[in-house]
S.K.: 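Quick one: the structure is below, and I'll ask about it shortly.
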Amino acid sequence: MKKTFFYLLGFLAVCSCSDDSGIFTPDGIKEPTLPVEVKPDDVVSGDVFTKLNLDYPGLEKVKQYYEAGEEYMAAYALLEYYRGRGNILNPNVDLINPVVTAVEQNKADQALDYRFCVAKYVETKGATEAEDVYYSFKNEDGSINWGYKPDVSSVDREFLYQQHRHQWMEPQAKAYAVTKNEAYIKSWIDVYSSWMAKYPCPNQAFENPNIINTEEGYEWKALQPAERVLSQLNIIQYYLPSPNFTPEWLSTVLNALAESVEMIRMNYIAEGNIRITQGQAVATAGILMPEFKNADQWVTDGVNAMNIDEQFREDGVHCDLDFSYHISAISDYLELYNVAKVNGRLSSLPSNYVDKLENAIAFVQDMIYPNYTIDNFNDTRSSSYAKSTLMNRMKEYLEIFPNNNELKWMAWEGAKGGTKPSWKSKAYTNSGYYMFRSQGWNSTSGIMMIYKNNENSTQKWHCQPDNGTFSLWFNGTNFLPDAGVYSYNDPDPTGKRPLYRRSTMHNTMSVNNCDIYESQQLGKFLLQKSAANYEVIVTENTPYKAGQKIKNGTFTPQGDIKHRRAVFFVNNEFFVVVDEAYSTNAADEASVNFNYHLYSEGKEPVIENQTVKTQLSANNLLMEAFSETNTDLKVEKSASTDVAVSNVSGSTVGEVRDWVTINEKMQAGKAVRMITVLYPSAGAALSKTIEANFTDNAEGNEGTLRNGVSAKVTVDGKSYTLSYTLN
């Protein structure tokens with residue numbers, strides 16, 4: 001971020017700390033003098049000096065005192081050095097115009113009484129987030145109950161993990177910078193000392209660096225030490241001017257910081273979003289703390305651990321295939337970029353770093369609906385991404401890519417120029433995300449579909465086995481919303497995580513109403529095509545494998561059962577979904593189910609034979625299905641229980657969705673071929689005459705699979721010829 005005050009930090013720090021703190025010797029080095037309240041024989045952590053490069057410019061007095069055996073004086077000289085250091089800039093810390101938000105102030109104040117903010121968990125929800133009441137960690141004797149977990153069903157083991165990330169400490173540091181209230185730094189010293197005494201650094205590699213559950217040492221694994229390092233780098237700088245920041249405490253926290261960085265280096269996980277944050281913490285510490293002997297190694301090692309080529313696929317989508325982790329990964333890479341830039345260290349980053357980020361940012365833009373909402377695909381919790389949050393992220397991106405006109409338009413909703421998105425279809429072919437968007441893209445009349453057919457052969461944990469699902473947004477209504485995730489527990493005693501992950505809980509095909517296996521998330525891109533009055537994207541998946549007993553069922557297919565789905569965006573106003581289900585073994589027969597989960601306001605849709613009409617208050621959807629082999633096709637309300645959308649862990653919003661199914665028999669040697677028309681409208685449900693049929697199979701050859709599709713769809717007498725051919 002471009003903030004000119006960074007370059008004034010050194011001058012300000014020196015001016016605010018140098019009046020009575022020492023005198024200058026003839027060689028120009030400040031000779032520290034001791035405050036009255038400090039005793040020269042107070043104990044400091046001598047370990048820190050073995051970790052520092054005492055030949056680093058500016059540490060001359062530190063080295064002199066340390067080699068003379070005067071460790072306290074060395075620590076005092078080190079404190080004075082950091083208070084006056086002006087050559088290293090932290091873009092995440094504003095000491096000239098510090099700001100603490102109402103939410104941060106609430107976190108800071110409650111932490112004074114050991115009510116610690118842990119992620120989104122609250123004991124009592126306030127009228128606003130700034131009035132939330134956090135859980136108390138205070139024992140009856142006034143000590144801190146580390147490892148505390150509320151006995152509440154909505155509080156899962158993530159609470160145990162995140163309490164060790166100390167998410168209230170930086171808000172306290174910001175509150176101190178604004179108020180100069182010494183209670184905040186005293187709280188930091190008290191609480192952090194208590195935590196370090198309870199959880200001393202193991203200083204060793206774990207046999208398994210991954211967190212399995214709450215095994216011994218999990219406080220030092222994965223995100224826990226990485227988040228602590230990143231926040232402590234900021235916290236230290238906020239508190240440096242305080243008279244309560246003593247040489248003893250400086251030696252303690254710097255020693256802890258170095259140990260934490262080395263613990264991360266010894267315990268990188270193999271891949272994924274956590275490794276990004278681990279690498280970011282290590283590299284950032286190397287740039288911001290060049291006085292340490294291993295600082296240059298930290299930078300190189302951290303950047304290598306982040307490995308931007310491994311984290312983002314060729315199409316720019318993060319390897320976890322989840323929007324929330326994707327946007328978080330971008331933030332990590334951008335934060336390191338900004339730290340490197342203001343400190344002249346961009347040469348430490350890979351040459352393709354910026355290009356990779358621009359591709360990743362494009363995916364964020366394309367996943368946002370016209371009213372700046374997002375869906376809950378995979379483990380994404382959309383409640384974390386309000387319109388203002390998304391726009392702020394794009395403003396941050398714009399600082400690096402100021403010439404991206406579409407990004408500019410979206411960052412400011414056109415208020416500062418730029419170009420409104422005008423594309424009609426996008427295909428992220430490596431990861432399996434596809435979008436259709438009307439060219440009149442706006443929050444009152446735009447139309448957008450996001451189609452998801454992930455290639456998840458490595459079985460990323462955050463990616464649900466829902467290949468072929470999609471959502472359809474129009475005029476502020478998401479007619480076919482993704483269910484979300486509900487729970488992060490695995491195993492989950494409530495059963496909610498596996499329930500929300502079920503294939504049948506998504507807008508896709510199932511066989512015998514059974515889920516596909518995690519190993520069968522093998523989405524394959526086949527075609528993207530633009531014609532005069534439509535866009536089409538075609539993909540395929542193999543949800544059921546030959547010889548593999550169908551999950552939660554009794555059917556074992558003799559061949560691979562495949563699902564080919566083509567989505568046509570027609571005339572900039574409606575969608576046609578063409579589904580083909582077939583087996584590679586002509587002997588297979590099964591019940592094929594096409595599942596649709598409709599947004600509900602407690603008003604069930606009207607279902608008449610092959611037609612579905614929603615009865616919503618603002619906008620509505622007309623859905624009509626046509627089978628090639630079944631002239632008596634019926635759409636039915638599912639007998640199974642649906643779920644409400646979950647956009648935050650442990651809770652739901654709105655009514656339980658309306659689950660409707662189109663069921664068809666897969667006959668031996670034949671494919672199921674289905675056309676479903678989805679027509680959204682503002683106001684009351686549409687009354688339209690819709691007809692559709694395949695035109696590529698002659699009479700008597702129904703159910704024959706072709707190397708493409710030809711179909712005719714007629715709406716109120718106007719006909720559309722839709723087709724594609726595969727190579």
Side-chain angles (χ1 to χ4, degrees), residues 321 323 367 369 374-378 380 382 432-436 447-454 456 463-474 477-485 499-511 513-516 521 523 537-541 543 563-569 574-581 592-600 605 607 610-614 616 620-625 635-638 640-647 654-664 672 674-680:
L321 302 172
F323 179 87
M367 288 290 286
Y369 292 128
I374 60 170
D375 218 315
N376 293 289
F377 290 122
N378 296 329
T380 295
S382 62
Y433 280 96
Y434 309 92
M435 302 88 176
F436 299 89
I447 180 171
M448 184 174 177
M449 177 189 279
I450 298 177
Y451 173 47
K452 176 177 178 290
N453 195 50
N454 294 141
N456 187 28
C463 185
Q464 297 183 3
D466 57 3
N467 280 28
T469 194
F470 63 89
S471 292
L472 195 164
W473 184 99
F474 171 76
T477 300
N478 187 348
F479 290 112
L480 293 153
D482 193 272
V485 57
L499 173 63
Y500 272 73
R501 286 179 65 85
R502 291 195 63 184
S503 309
T504 51
M505 287 295 166
H506 296 86
N507 303 310
T508 189
M509 185 196 84
S510 59
V511 169
N513 293 308
C514 294
D515 298 325
I516 71 173
Q521 300 172 69
I537 289 175
V538 188
T539 72
E540 188 173 78
N541 190 50
H563 177 207
R564 184 183 298 169
R565 173 164 273 181
V567 179
F568 292 86
F569 184 26
F574 67 97
F575 294 92
V576 176
V577 179
V578 178
D579 289 299
E580 296 173 289
V592 177
N593 332 108
F594 298 101
N595 304 283
Y596 292 90
H597 299 266
L598 295 163
Y599 169 69
S600 174
I607 302 176
Q610 63 198 55
T611 303
V612 178
K613 291 183 180 181
T614 62
L616 307 178
N620 280 284
L621 180 68
L622 171 64
M623 184 172 82
E624 194 153 356
V635 180
E636 300 174 323
K637 181 74 182 288
S638 175
S640 301
T641 303
D642 208 332
V643 295
V645 170
S646 174
N647 68 353
E655 304 289 336
V656 171
R657 300 173 305 169
D658 292 307
W659 184 354
V660 299
T661 61
I662 307 169
N663 300 308
E664 184 67 284
V672 170
M674 186 79 61
I675 299 172
T676 306
V677 178
L678 301 167
Y679 210 119

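What you see is a predicted model, and the numbers here were worked out from it, not measured in a lab.
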S.K.: Would you please name every residue forming a salt bridge (charged side-chain N to carboxylate O under 4.0 Å, His left out) with D579, sequence neighbours left out?
M.R.: R565
S.K.: Could you list the residues that satisfy side-chain hydrogen bond (donor to acceptor under 3.5 Å, both in side chains) with T469, not counting sequence neighbours?
M.R.: none
S.K.: Keeping N378 on the side-chain end and Q464 on the backbone end, is there a donor-acceptor pair under 3.5 Å?
M.R.: yes
S.K.: F470 vs L678, test: side-chain contact (heavy atoms from CB on, under 4.5 Å). Steps then yes/no.
M.R.: CA-CA 12 Å; F470 63 89; L678 301 167; 3.7 Å; yes
S.K.: Could you tell me which residues satisfy side chain to side chain contact (heavy atoms under 4.5 Å, CB included) with N663, sequence neighbours excluded, listed by chain and number?
M.R.: N593, E636, T661
S.K.: Are side-chain heavy atoms of N513 and S640 found at a separation under 4.5 Å?
M.R.: no
S.K.: Using the test side-chain hydrogen bond (donor to acceptor under 3.5 Å, both in side chains), find all partners of N376 that sit at least two apart in sequence or belong to another chain.
M.R.: S382
S.K.: Nearest 0.5 angstrom please: T614 OG1 to L621 CG, how far?
M.R.: 5.5 Å
S.K.: Are the side chain of T380 and the backbone N or O of F323 linked by a donor-acceptor pair below 3.5 Å?
M.R.: yes
S.K.: Among K452, R501, R502, whose salt bridge (Lys or Arg N to Asp or Glu O under 4.0 Å) with D466 holds?
M.R.: K452
S.K.: Which is it for D482 and V645 under the side-chain contact (heavy atoms from CB on, under 4.5 Å) test, yes or no, and what are the steps along the way?
M.R.: CA-CA 7 Å; D482 193 272; V645 170; over 6 Å; no
S.K.: Can you measure from CD1 (I450) to CZ (F377) and round to the nearest 0.5 angstrom?
M.R.: 5.5 Å
S.K.: With sequence neighbours excluded, tell me which residues meet ring-ring contact (aromatic ring centres under 6.0 Å, His included) with H506.
M.R.: none
S.K.: Got a sec, which residues hit side chain to side chain contact (heavy atoms under 4.5 Å, CB included) with A483, two or more places apart in sequence or on another chain?
M.R.: Y500, V643, R657
S.K.: Over 60° means perpendicular and under 30° means parallel, so classify the ring planes of F436 and F575, tilted if in between.
M.R.: perpendicular
S.K.: Examine the side chains of S638 and N595 and answer whether a donor and an acceptor come within less than 3.5 Å of each other.
M.R.: no
S.K.: Do you know the tightest heavy-atom contact between G523 and N541?
M.R.: N-OD1, 3.2 Å
S.K.: The criterion is ring-ring contact (aromatic ring centres under 6.0 Å, His included); which residues satisfy it with Y596, sequence neighbours excluded?
M.R.: none
S.K.: Would you name the heavy atoms of A581 and V592 that are closest together and state the gap between them?
M.R.: CB-CG1, 4.1 Å
S.K.: Who are the ring-ring contact (aromatic ring centres under 6.0 Å, His included) partners of Y433, not counting sequence neighbours?
M.R.: F363
S.K.: On a heavy-atom basis, which atom in M674 and which in F594 lie closest, and how many Å separate them?
M.R.: CE-CE1, 3.9 Å
S.K.: Show the nearest heavy-atom pair for residues P481 and L598, with the distance to one decimal.
M.R.: CD-C, 4.4 Å
S.K.: Run the side-chain hydrogen bond (donor to acceptor under 3.5 Å, both in side chains) test against E540 and tell me which residues pass, sequence neighbours left out.
M.R.: R564, Y582
S.K.: List for me each residue that meets side-chain hydrogen bond (donor to acceptor under 3.5 Å, both in side chains) alongside D375, sequence neighbours excluded, and say none if there are none.
M.R.: Y369, S471, N478
S.K.: Taking atom CG of N454 and atom CG of N467, what is their separation to the nearest 0.5 Å?
M.R.: 6.0 Å
S.K.: Which heavy-atom pair separates T676 from M623 by the least distance, and what is that distance?
M.R.: CG2-CG, 3.7 Å
S.K.: Which heavy atom in P465 sits nearest to a heavy atom in S503, and how many Å separate them?
M.R.: O-OG, 2.7 Å
S.K.: For the residue pair D642 / H597, report whether a side-chain donor-acceptor contact shorter than 3.5 Å exists.
M.R.: yes
S.K.: Using the side chain to side chain contact (heavy atoms under 4.5 Å, CB included) criterion, which residues pair with T611? Sequence neighbours excluded.
M.R.: K613, L622, E624
S.K.: Using modelled atom types only, decide if a donor and an acceptor are shared between the side chain of N507 and the backbone of L480 within a distance under 3.5 Å.
M.R.: yes
S.K.: List the steps and the verdict of side-chain contact (heavy atoms from CB on, under 4.5 Å) for V567 and Y434.
M.R.: CA-CA 10 Å; V567 179; Y434 309 92; over 6 Å; no
S.K.: Walk me through it: do T508 and I516 pass the test side-chain contact (heavy atoms from CB on, under 4.5 Å)?
M.R.: CA-CA 11 Å; T508 189; I516 71 173; over 6 Å; no
S.K.: Partners of T477 by side chain to side chain contact (heavy atoms under 4.5 Å, CB included), sequence neighbours excluded?
M.R.: F479, Y599, L616, N619
